[in-house]
Engineer: 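Take a look at this one; I'll ask things after.
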Number of protein chains: 2
Amino acid sequence: MGKKQRQNKGITLSDVAARAGVSAITVSRVLRRPQMVSPDLRERVKVAVEALNYLPDPAASALASKRTNVVGVLIPSVTNQVFSAVLRGIYDATEETSLDIQLANTRYRIAEEEKLIRIFRSQKPAGMIVAGIDQSEAGKSMLQDLDCPVVQIMEISPDPIDMMVGFSHFEAARTATDHLVRNGYRRVGFLGARMDPRTQRRYEGYRAALAAAGLDHQGLAITTVAASSVTLGGQMLGDLLSQCPDADAVFCNNDDIALGALFECQRRRLGVPDAFGIAGFNDIEMMACTYPSLTSVRTHRHEMGRRAVSLIIDALDGKRPEHPVVDLGFQLMERDSTRRSRRLDIGVRS
Amino acid sequence: MGKKQRQNKGITLSDVAARAGVSAITVSRVLRRPQMVSPDLRERVKVAVEALNYLPDPAASALASKRTNVVGVLIPSVTNQVFSAVLRGIYDATEETSLDIQLANTRYRIAEEEKLIRIFRSQKPAGMIVAGIDQSEAGKSMLQDLDCPVVQIMEISPDPIDMMVGFSHFEAARTATDHLVRNGYRRVGFLGARMDPRTQRRYEGYRAALAAAGLDHQGLAITTVAASSVTLGGQMLGDLLSQCPDADAVFCNNDDIALGALFECQRRRLGVPDAFGIAGFNDIEMMACTYPSLTSVRTHRHEMGRRAVSLIIDALDGKRPEHPVVDLGFQLMERDSTRRSRRLDIGVRS
DNA sequence: GTGATGAATGATAGCGCAATCATTTGTCAA
DNA sequence: TTGACAAATGATTGCGCTATCATTCATCAC
């Protein structure tokens, strides 16, 4: 195997201190609050740290100081593209900081989430980022008592546990559905998988848009608790069309479903957008380059991760945001899948 | 912030011990090696742990025992669907264990990876999982000296640092390309993004298959170091067709590229599979339900994550695998995108 | 010159746990 | 009964760091 054993393992603060000719605590200070130490000592210590290739032991540090650099992140799933984009934002934002990310999956289960909050609490995290606003009561109360900044992401609501970065799923869905209506679609369906609380709020936005336009949604909503997938999107479109053969568009609760619906339309020779309109949700990269390109609601997932981290960093510095709830908004990306060449009916509001 | 401070924080081993009427070390033993303690004490301690809702302090434990439950995971990217599937396998496999996953992104950079290995080393991990076999020399040597199980994933090679779970990218690509050739395609292109070492090996598999069939690949390979995306796949297909208008198929170095190529074919009214064949790599879920469905090489990503963890768990139990390199293989998923209805030429080997 | 003040540095203790060794208790053969 | 031995439990110590308090020294007003 390797050449020598035990490399710089076992290099401790005192080793560095000895080499620099100072006390251990001074080394600790140079590493954590350099401005407390005079420039010349600071320099000497830094040289010794380099020379010995010293790295502090995070466990010892945590034990002595009763806190860690760990930011706990609770998301439902790592494979969901939406959350992995958020996650990347989080990692990007912690890049040059001393913060460590500790990730855990709730698997869309509130009980699991509560368990994980309890575990994180025992680690004295520097901050917490949790997806959504639907924690259990016990979970919320633990997060509140945590004595570290807590950011809820993905959604906004008037009563954050501490801080929030997100957007209104209701408004986003309403906007997308309204767009379909304005483009002349009259029998607009809804395809919803997973049906977690976020999806529920999108469903409500969809219904609100139809109601505002005086349109009915009876039988036009196909939902399932099954996990979302492209294949499922195709199946659900099939279900919709057998249930409501006159459906002329769908708002899909996410882009996977919308993609599946598109492929299913291709398979059935159902022309998109003229015979059938499709709108998705999240605007994953692919939506812009499908054929036809797919309308979707762009959500600022990467930015959401970044902002969550910078809120935590600021809070650790004592800088509280003016308003604890940050609404990142959304953007309707109008593309070919809802761009009817001929408006099939008359009373379209401009 | 919250209402009250300091909740059950501060419950320590000795608190539990006092309540159970035993010594602290006995509580520690009940929690870590229950069979060392007599059944009745064990029971009493467990009751006390429950009653006080005790959770051990991982920092103290790490400091005292000079090791952690942390398995360090080094992957190039969290947003890449391939790695997020592996990651899910890893999380799934650690579900009911005491292991914690600590994830870090190398961003496809060897130097970054080396830095991260150094950081992990200072945390005395219980195990390490690293993607690929192309670590820097220093990185490899650190991993070797780490005194914990190390699993390289995604690839196989004759000289693992410690253990390995993966498959041959060369063989997988050769098989896919050979499949195109056998189905009558003669001017088979290659679309490669990212061009990291894994992609390079796939490229070599592609060339080997063409060479074996006596076919040329001059000008048929389009590669870029840019990150892979569906949009890019469409662009690269365009590049290929302007460079080699007679190309009649592509092997794409991953599924994103293949999807982009498919959409581009639809846009150009280039019939798939008759006029043009497409094969992808990884077989993400969507490939089976596109129109036409896309041929791809299925790789066992989730299983790779699971196996990596179980190799580590076994190694921690002292159980070394018979062979340190586990080849999970791959599976060619033949679908419509390479299923020519009429074979356009004669000399096809059966 | 004196004492007050503050900046820079050091000495000491202890965070909560597990390694180590010591002690107690029970069991069994001779 | 005795001693040997193993199983169960406990006492002590220290992991590497930082909080806290103490000390030193320079500076300055008076």
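Chain naming here is simple, since letters A, B, ... match the order of the sequence lines and numbering starts at 1 in each. Keep in mind that this is a model prediction, so the values were computed, not measured.
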Engineer: With a 4.0 Å cut-off on N to O distance, would you call B:Glu114 and B:Arg118 a salt bridge?
Structural biologist: yes
Engineer: Compute whether any side-chain donor of one residue and acceptor of the other, for B:Arg32 and B:Ser28, lie under 3.5 angstrom apart.
Structural biologist: yes
Engineer: Considering only NZ, NE, NH1 and NH2 on the basic side and carboxylate oxygens on the acidic side, decide whether B:Arg307 and B:Asp314 come within less than 4.0 Å.
Structural biologist: no
Engineer: Quick one: do B:Asp57 and A:Lys66 make a salt bridge, cutoff under 4.0 Å?
Structural biologist: no
Engineer: With a 4.0 Å cut-off, would you call B:Arg121 and B:Asp147 a salt bridge?
Structural biologist: no
Engineer: Could you tell me from which nucleotide to which nucleotide of DNA chain D, 5' to 3', there is an atom under 4.0 Å from chain A heavy atoms?
Structural biologist: D:dG16 to D:dA19
Engineer: From B:Glu137 CD over to B:Met142 CE, what is the distance, rounded to the nearest 0.5 angstrom?
Structural biologist: 11.0 Å
Engineer: Let me know, please, whether B:Asp57 or A:Gly21 comes out on the 5' side of the other along DNA chain C by nearest nucleotide.
Structural biologist: A:Gly21
Engineer: Quick one: list whatever passes side chain to side chain contact (heavy atoms under 4.5 Å, CB included) with A:Lys115, sequence neighbours left out.
Structural biologist: A:Glu112
Engineer: What's the spacing between B:Arg44 CZ and B:Ser38 OG if we round to 0.5 Å?
Structural biologist: 8.0 Å
Engineer: Under the side chain to side chain contact (heavy atoms under 4.5 Å, CB included) criterion, do B:Gln102 and B:Phe120 qualify, and how do the steps go?
Structural biologist: CA-CA 9 Å; B:Gln102 180 98 36; B:Phe120 272 117; 3.4 Å; yes
Engineer: Using a 4.0 Å cut-off on heavy atoms, which residues in residues 22-46 of chain A reach DNA chain C? List them by number, or say none.
Structural biologist: A:Val22, A:Ser23, A:Ile25, A:Thr26, A:Arg29, A:Val37, A:Ser38, A:Leu41
Engineer: Roughly how far, to the nearest 0.5 Å, is the OG atom of A:Ser61 from the CG atom of A:Leu13?
Structural biologist: 9.5 Å
Engineer: Shoot me the first and last contacting nucleotide of DNA chain C against chain A, ordered 5' to 3', at under 4.0 angstrom to non-hydrogen atoms.
Structural biologist: C:dA8 to C:dG16
Engineer: Kindly write out the residues that satisfy side chain to side chain donor-acceptor pair (under 3.5 Å) with B:Tyr91, not counting sequence neighbours, or none if the list is empty.
Structural biologist: none
Engineer: May I ask you to check whether over 12 heavy atoms, not counting those of A:Arg67, lie within 6.0 Å of atom CZ?
Structural biologist: no
Engineer: The helix from C:dG1-D:dC30 to C:dA30-D:dT1: angle between its terminal axes, five pairs each, to 10°?
Structural biologist: 40°
